[in-house]
Amino acid sequence: MFKIRRKTVYIAFLILNIFVLLGGFSLRHFLSTLPPVLSLEEYLPRLTTRLFDCKGAVISEFFTERRTWVALNQTPVDLQNAFISVEDDKFFRHWGISPQGMMRAAVKNFLAGRAVQGGSTITQQLSKLIFLTQEKTFGRKIRELLLSLQIENRFSKEEILQMYLNQVYFGHGAYGASAAARIFFGKSIQDLNLAECALLAGLPRLPSYYSPFNHPDVAQNRRAVVLRRLRELKYISPEEEKLAKAAPLGVQKTPMAPTVAPYFVENIRQNLEQKYGSELLYRGGLSIYTTLDLDMQMAAERIIADALPKFDKEHGALAEALRAKEKSAARKKAGEKRFEVKPSTTITKVQAALVAIDPKSGEIRALVGGRDFTESQFNRATQAKRQPGSTFKPFVWLAALDGGFTASSIVNDLPIAFAHDGRDWKLLEGATNAFQILEATASLADGKVWVPKNYDGKFFGAVTLRRAFAYSRNIVSVRLINHLGPPKIVEWAQKLGIASALDPVLSLSLGTSVVTLLELTSAIGTFAADGIRTTPFSVTKIVDFEGKILEQTFPQESEVVNPQLNALTVNLLRAVVQEGTGHAAASLERPLGGKTGTSQDQRDLYFVGFTPDLVCGAWMGYDDFAALGKKMSSGGVLVPWWTDFMKEALKNQPVKDFTVPSGITFSKIDKLTGYLALPTCPKIILEMFKTGTEPKEFCPVDHY
């Protein structure tokens, strides 16, 4: 009998040791698979990065989870108490786990036949939210318990509660209590009242089921449960419970950040993701302060959205016919037997882009990169390089003024031709009409002759530099670049901010080298800034979630055009609006300068115009470089909607005039001849000159 008992004890002892060893090995295994709890000290939750416009309005957000970090001392006490009451009423007394709570929940769930109560403490929920998966296995539960003990040992209760409130999911994309306050109530977390706190505290258990948007009656009952627990635990009085219980839910579905300025936002996103990495950008809770003016941006998007369908309706069919004609001609030239192409029955959508910049600082106020970002993310304001056409002429006239010409200088707007001698293009002297040009070039091979033409096919004859610029005379532009030399034009364009490569050839004067709309707008904006070039930028400051400034941008300025020369150029640019191709913009009724542009074969329409406060460049065209239509001009098509935008953009700004520096003289000039005007001259204008360069002779023409 004694031997049997001893043997039983030995066996029991052996089994016990085996269980201890197995338990030790299992514990060691589970501990080895736990994440390092010390990482919580450097833990960065998935916070939402927000972009703000220049007035502080939210433009957009970058996030993997919509979340805003809030310190516990900024979280309402009612919200803290509500969570403790309904989720873990012994939170400040247990050491990470609650065996009693786990047993009670197990019994209630067994009796109900389903999960009606959770037994996890707030600490356990935090460990699961941050480190563990949602799988329901025994192994995961053991890890959760062990990790909870480690968290309790390392952090204070206040730190644990703070992490939990910033981590928990409330439904509808709201991660963390701050995001929930904004999404469900449209207010800051600090402004929540008792009833709102109770409603939020009841959501995390079953966010979809208790959603006040989806099931308001269920949500109201759940709020009542939370309020009752608050009263039972003496966090609130019976009277407070009664008032809060009777309060309406008060929820208002707050939409995500407005989907405006997608091209502007995407441009910033690409630049910052490359600089900071996607981890910080999408979950770092950055505050990105931009230069965008949301009111201007929304006006630009609305006006372009109205203008483009109208163009499609009026001109789209003709453009399709021209596109088909070009394809047929190309196939015929390639020697294809079947080269006939019929116009498509589907009208290709015309595209547009717009950039508005503060010329004094370089801050981008509005940017539209295309017709529809959902259809095409290609940014036609910053990425597309197209021929600017006559919009490039300000650099030619600037060089001419710098080279001794004045606004009243006379240049011939007559037929002109160039021949290539194997090295360069040479002007054919004496060939000043179509017959002479034909005779002079008869013996030259194709490709060896260049005969530039005016847009309208007409010639003004002897014309002042002012009139030639106002009416965008191509022949005059070519004569000027031939006189000054293409390298001089390239030099001036680059000084003002054209970064794209420019070919130093005669056709450069007609805008044949490709540029982006952004650089063209910024460069012409130099004239609005009194000759001071500013580098365009879109982000003023980036701040991390703790308030630390990561970077800050200040205007970069450099004087590139002296005040007198700049004023003379602005005066010519104003003539374009006052009397020339940009006259449609005169309805803005402000001091305004600008330049229209149409590229070869009407493939691109441009207008870049400016006031002392704002420079705006606009473009229209097709992505496939098809012609917009015969005799299409920016003055009749693009300038009207450009003007509509500027009216909206400047409606609350005072009217300002351009400054006139010292060293400038005004003289009354005969508009047609450029001489000092006599009372008998029919068209007299007040022209601007650098002091000492004004005409000295009176008009010799007998106008009678």
Side-chain angles (χ1 to χ4, degrees), residues 293 296 299 355-363 365-366 391 393-394 397-398 401-402 406-408 464-467 469-470 496 521-534 555 557 559-596 607-618 635 639 642-669 671 677 683-691 693-694:
D293 185 307
M296 288 191 194
V355 179
I357 305 173
D358 182 334
K360 300 295 194 299
S361 65
E363 295 174 302
R365 297 302 186 203
T391 323
K393 286 176 181 173
W397 263 253
L398 170 64
L401 293 171
D402 183 53
T406 71
S408 64
T464 64
L465 224 64
R466 174 191 179 92
R467 190 164 179 240
F469 188 72
L496 270 68
T521 304
S522 175
I524 293 179
T526 301
F527 299 121
D530 300 321
I532 298 174
R533 170 188 169 184
T534 56
E557 305 173 344
E559 184 176 334
V560 293
V561 186
N562 69 61
Q564 293 78 25
L565 181 58
N566 190 79
L568 296 175
T569 310
V570 168
N571 193 49
L572 291 179
L573 286 158
R574 295 183 70 174
V576 173
V577 177
Q578 293 167 349
E579 60 190 85
T581 56
H583 185 65
S587 63
L588 193 61
E589 297 181 345
R590 286 173 178 264
L592 175 70
K595 186 68 189 77
T596 56
F607 185 66
V608 180
F610 57 87
T611 68
D613 296 313
L614 192 67
V615 56
C616 177
V639 175
W642 178 96
T643 306
D644 289 341
F645 164 73
M646 290 293 279
K647 286 178 180 178
E648 285 289 316
L650 298 171
K651 64 183 179 182
N652 296 321
Q653 296 189 26
V655 176
K656 294 181 182 178
D657 205 347
F658 297 100
T659 58
V660 178
S662 59
I664 290 294
T665 297
F666 289 91
S667 299
K668 290 184 178 180
I669 300 297
K671 185 177 182 180
K683 295 183 178 180
I684 300 174
I685 60 170
L686 192 63
E687 189 60 89
M688 180 187 291
F689 299 92
K690 183 178 180 181
T691 301
T693 66
E694 62 272 19

List the atom of [X], the atom of [Y], and the distance in Å for their closest heavy-atom pair.
X: Trp642; Y: Ala618; value: CD1-CB, 3.8 Å
X: Ala366; Y: Phe645; value: CB-CZ, 4.3 Å
X: Ile524; Y: Thr391; value: CD1-O, 3.7 Å
X: Gly582; Y: Phe607; value: CA-CE1, 4.4 Å
X: Pro612; Y: Pro591; value: CD-O, 4.1 Å
X: Thr596; Y: Val639; value: CG2-CG2, 4.0 Å

Task: Partners meeting salt bridge (charged side-chain N to carboxylate O under 4.0 Å, His left out) with Lys360 (sequence neighbours left out) - done: none
Open item on the list: Check whether Thr691 reaches the backbone of Gly663 with its side chain - one donor and one acceptor, N or O, closer than 3.5 Å.
Closed with: yes
Evaluate the side-chain proximity of [Y] to [X]: yes if any heavy-atom separation is below 4.5 Å, no if none is.
X: Thr611; Y: Gln653; answer: no
X: Ile664; Y: Leu568; answer: yes
X: Pro563; Y: Asp530; answer: no
X: Leu398; Y: Asp402; answer: no
X: Phe527; Y: Pro394; answer: yes

Nearest 0.5 Å, what's the [atom1]-[atom2] distance between [X] and [Y]?
X: Glu589; Y: Lys647; atom1: CD; atom2: NZ; value: 7.0 Å
X: Trp397; Y: Phe469; atom1: CH2; atom2: CZ; value: 7.0 Å
X: Asn566; Y: Leu496; atom1: CG; atom2: CG; value: 8.0 Å
X: Leu592; Y: Ser587; atom1: CG; atom2: OG; value: 9.5 Å
X: Met296; Y: Lys651; atom1: CE; atom2: NZ; value: 10.5 Å
X: Glu363; Y: Leu614; atom1: CD; atom2: CG; value: 11.5 Å

- [ ] Using distance alone, with no hydrogens and no angle criterion, decide if Ser361 and Thr534 have a side-chain donor and acceptor under 3.5 Å apart.
- [x] no
Donor-acceptor pairs are to be reported for all side-chain atoms of residues 570-579 against protein atoms at under 3.5 Å, with residues two or more places apart or in another chain.
unit_1, atom_1, unit_2, atom_2, d
Asn571, ND2, Glu687, OE2, 2.6
Arg574, NH1, Asp657, OD1, 3.2
Gln578, OE1, Arg466, NH2, 3.3
Glu579, OE1, Arg466, NE, 3.3
Glu579, OE1, Arg466, NH2, 3.2
Glu579, OE2, Lys671, NZ, 3.3

Open item on the list: Can you tell me which residue among Val355, Ile357, Asp358, Asp613 is in a side chain to side chain contact (heavy atoms under 4.5 Å, CB included) with Arg365?
Closed with: Asp358
